[in-house]
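Working notes, structure below.
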Amino acid sequence: MNAGILGLGRYLPEKIVTNADLEKVMDTSDEWIRTRTGIEQRRIANDDIDTSDMAYEAATAALKNADVSAEEIDLILVATVTPDRPFPSMACVIQERLGAKKAAAMDVSAACAGFMYAMITAQQFIQTGVYKNVLIVGVEKLSKITNWDDRNTAVLFGDGAGAAVVGPVSEGRGILSFELGADGSGGKHLLQDGEYITMNGREVFKFAVRQMGESSLNVLDKAGLKKEDVDLLVPHQANIRIMEASRERLGLPVEKMAKTVHKYGNTSAASIPIALVEEMEAGKIKEDDLIVMVGFGGGLTWGAIALRWGK
Ligand code: ACO
């Protein structure tokens with residue numbers, strides 16, 4: 001049984017924080033942030049909206065888009081590194097709120113590659129016929145673990161959620177190939193140390209450029225496809241320079257790369273599904289389009305998927 005995307009949803013907090021707003025509270029400039037990262041603004045959740053609230057909103061939208069009811073969900077996977085609390089898991093919290101009574105539920109921790117890990121976990125259960133509908137959510141409230149006194153990291157992140165219902169699709173469609181990987185020896189370059197995120201930006205940058213390009217090419221190779229076959233690249237939205245390097249590695253024109261980093265910043269596990277929903281809503285994805293999704297993150301972790309769109 002092939003596994004594919006049956007529906008998508010997203011949630012973004014209303015509050016917009018622009019680079020000009022950050023200039024007022026730290027030693028930075030709109031010019032520095034835009035030229036180094038491509039970020040112009042980000043969404044930040046108010047204190048009364050936690051990770052599970054954003055996950056619930058995105059999940060509700062995805063179920064509606066998929067025309068699948070909560071009772072039909074067999075498994076819920078939530079990719080996040082910023083849960084409301086260590087347990088109960090975010091998956092259990094939204095299972096109750098959605099009324100997904102028969103669903104098993106757990107969280108996945110793979111930082112910005114979390115959505116890729118969740119999607120491939122879902123695929124395994126669907127492919128084997130064990131489960132039919134799996135709800136996956138990528139969600140972060142990174143503002144909770146951002147040190148607003150550290151300009152090296154504070155300008156990069158945003159809050160948000162993206163969700164997908166993954167289920168059986170017809171032959172030739174859905175997930176064609178994937179690659180997941182990890183290198184724990186690089187964990188020191190990007191981590192939550194105490195309360196806050198700390199990062200060696202240059203090391204992460206080098207790793208990301210190399211890994212995003214290689215993983216994208218590897219999934220094409222595994223599926224027996226070529227760079228020219230790709231209709232849409234959906235890279236993790238961390239930094240426009242990293243994204244551009246991946247696009248160039250695949251030899252794709254700008255219009256074939258999903259881009260939300262300028263308006264939402266880096267939303268970690270939420271960035272790939274959010275970018276995918278926006279492409280879908282803009283009518284830019286057609287039946288049988290070949291989509292390559294690729295992410296990297298703290299761990300270090302990475303993941304890429306080649307997917308043929310449609311049910
Ligand atoms: N405003 C102004 N100046 C700044 C800022 C800022 N916000 N941040 C850093 N600088 C300064 C630095 O202090 C440094 O000054 P110095 O030369 O006097 O020491 C100077 O700018 C240049 O710093 P670099 O580190 O060389 O800048 P670089 O071009 O590497 O860009 C960046 C930094 C944007 C962080 C880049 O390295 C990057 O994008 N790395 C990848 C980060 C990433 O993707 N992280 C997300 C991982 S996802 C996850 O798991 C959450």
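Each ligand, and each atom within it, is numbered from 1 in the order the structure gives.
When every heavy atom of Ala3 is checked against every heavy atom of Ile126, the shortest pair comes out as CB-CG2, 3.8 Å. When every heavy atom of Ala238 is checked against every heavy atom of Phe296, the shortest pair comes out as CB-CZ, 3.7 Å. For Ala105 against Leu75, the heavy-atom pair with the smallest separation is N-CD1, 4.4 Å. Residues Ile49 and Lys141 approach most closely at O-NZ, 2.9 Å, considering heavy atoms. Taking every heavy atom of both residues into account, Ile94 and Tyr56 meet most closely at CG2-N, 3.8 Å. Of all the heavy atoms in Asn19 and Arg34, the pair that sits closest is ND2-CG, 3.9 Å.
One option in Glu203, Met199, Arg202, His189 has a heavy atom closer to atom 24 (P) of ligand 1 than any other, and that option is Arg202.
Separating the NZ atom in Lys102 from the CG atom in Asn133 is a distance of 7.0 Å, to the nearest 0.5 Å.
Gly201 O, 2.9 Å is the protein heavy atom nearest to atom 40 (N) of ligand 1. Regarding atom 10 (N) of ligand 1, its nearest protein heavy-atom neighbour is Trp32 CZ2, 3.4 Å. Among all non-hydrogen protein atoms, the one lying nearest atom 11 (C) of ligand 1 is Arg151 NH2, 3.6 Å.
Counting heavy atoms closer than 4.0 Å to ligand 1, residue Phe205 contributes atoms from both its backbone and its side chain. Residue-level proximity to ligand 1 for Met26 is absent, since no heavy atom of it falls below 4.0 angstrom. Contacts between Leu142 and ligand 1 below 4.0 angstrom, taking non-hydrogen atoms only, are absent altogether. Residue Asn152 touches ligand 1 through backbone and side chain together, judged by heavy-atom distances below 4.0 Å.
Heavy-atom neighbours of Lys284 NZ from other residues, nucleotides or ligands within 6.0 Å: at or below the threshold of 12.
Of the candidates Val294, Asn266, Ile242, Val261, His236 forms a side-chain contact (heavy atoms from CB on, under 4.5 Å) with just one, namely Asn266.
At a distance under 4.0 Å, no protein heavy atom can be found next to atom 18 (O) of ligand 1. Contact annotation for atom 34 (C) of ligand 1: protein present (non-hydrogen atoms, distance under 4.0 Å). Atom 28 (P) of ligand 1 lies below 4.0 Å from at least one non-hydrogen atom of the protein. Distance remark: protein heavy atom not present below 4.0 angstrom from atom 14 (C) of ligand 1. For atom 21 (O) of ligand 1, a protein heavy-atom neighbour is present inside the 4.0 Å cut-off. Counting only heavy atoms, the protein gets under 4.0 Å from atom 50 (O) of ligand 1.
Residue contacts with ligand 1 do not include Ile33, since none of its heavy atoms lies under 4.0 Å from the ligand. Residue Val81 places no heavy atom under 4.0 Å from ligand 1. Within the 4.0 Å heavy-atom cutoff, Arg241 counts among the residues contacting ligand 1. At least one heavy atom of Cys112 sits closer than 4.0 Å to an atom of ligand 1.
Using a 4.0 Å cut-off between charged side-chain N and carboxylate O, Glu57 and Arg10 make no salt bridge. Using a 4.0 Å cut-off between charged side-chain N and carboxylate O, Arg308 and Asp288 make no salt bridge. Under the 4.0 Å criterion applied to side-chain N and carboxylate O atoms, Arg241 and Glu244 are not assigned as salt-bridge partners. At a threshold of 4.0 Å, the pair Asp231-Lys286 does not count as salt-bridged, since none of the basic side-chain nitrogens sits closer than that to a carboxylate oxygen. A salt bridge links Asp21 with Lys24: at least one charged nitrogen is closer than 4.0 Å to a carboxylate oxygen. For the pair Asp53 and Arg97, the salt-bridge criterion is met [side-chain N within less than 4.0 Å of a carboxylate O].
Looking at ligand 1, you'll find an N or O of Thr28 within less than 3.5 Å of one of its N or O atoms. At a 3.5 angstrom cut-off on N or O pairs, His236 does not count as close to ligand 1. Polar contact check, Val155 against ligand 1: no nitrogen or oxygen pair lies under 3.5 Å apart. Polar contact check, Asn266 against ligand 1: no nitrogen or oxygen pair lies under 3.5 Å apart. For the pair Thr37 and ligand 1, the shortest N or O to N or O distance does not fall below 3.5 Å.
Within the listing of ligand 1, atoms 44 (O) sit less than 4.0 angstrom from a heavy atom of Ala238. Using a 4.0 Å cut-off to heavy atoms of Asn239, the atoms of ligand 1 that qualify are 34 (C), 38 (C), 39 (O). The contact set between ligand 1 and Gly298, taken as ligand atoms under 4.0 Å from a residue heavy atom, comprises 50 (O). Remark: ligand 1 atoms within the under-4.0 Å shell around heavy atoms of Leu190 are 47 (C), 48 (S), 49 (C), 50 (O).
Residues Tyr264 and Glu278 meet the side-chain proximity criterion, which asks for heavy atoms closer than 4.5 Å.
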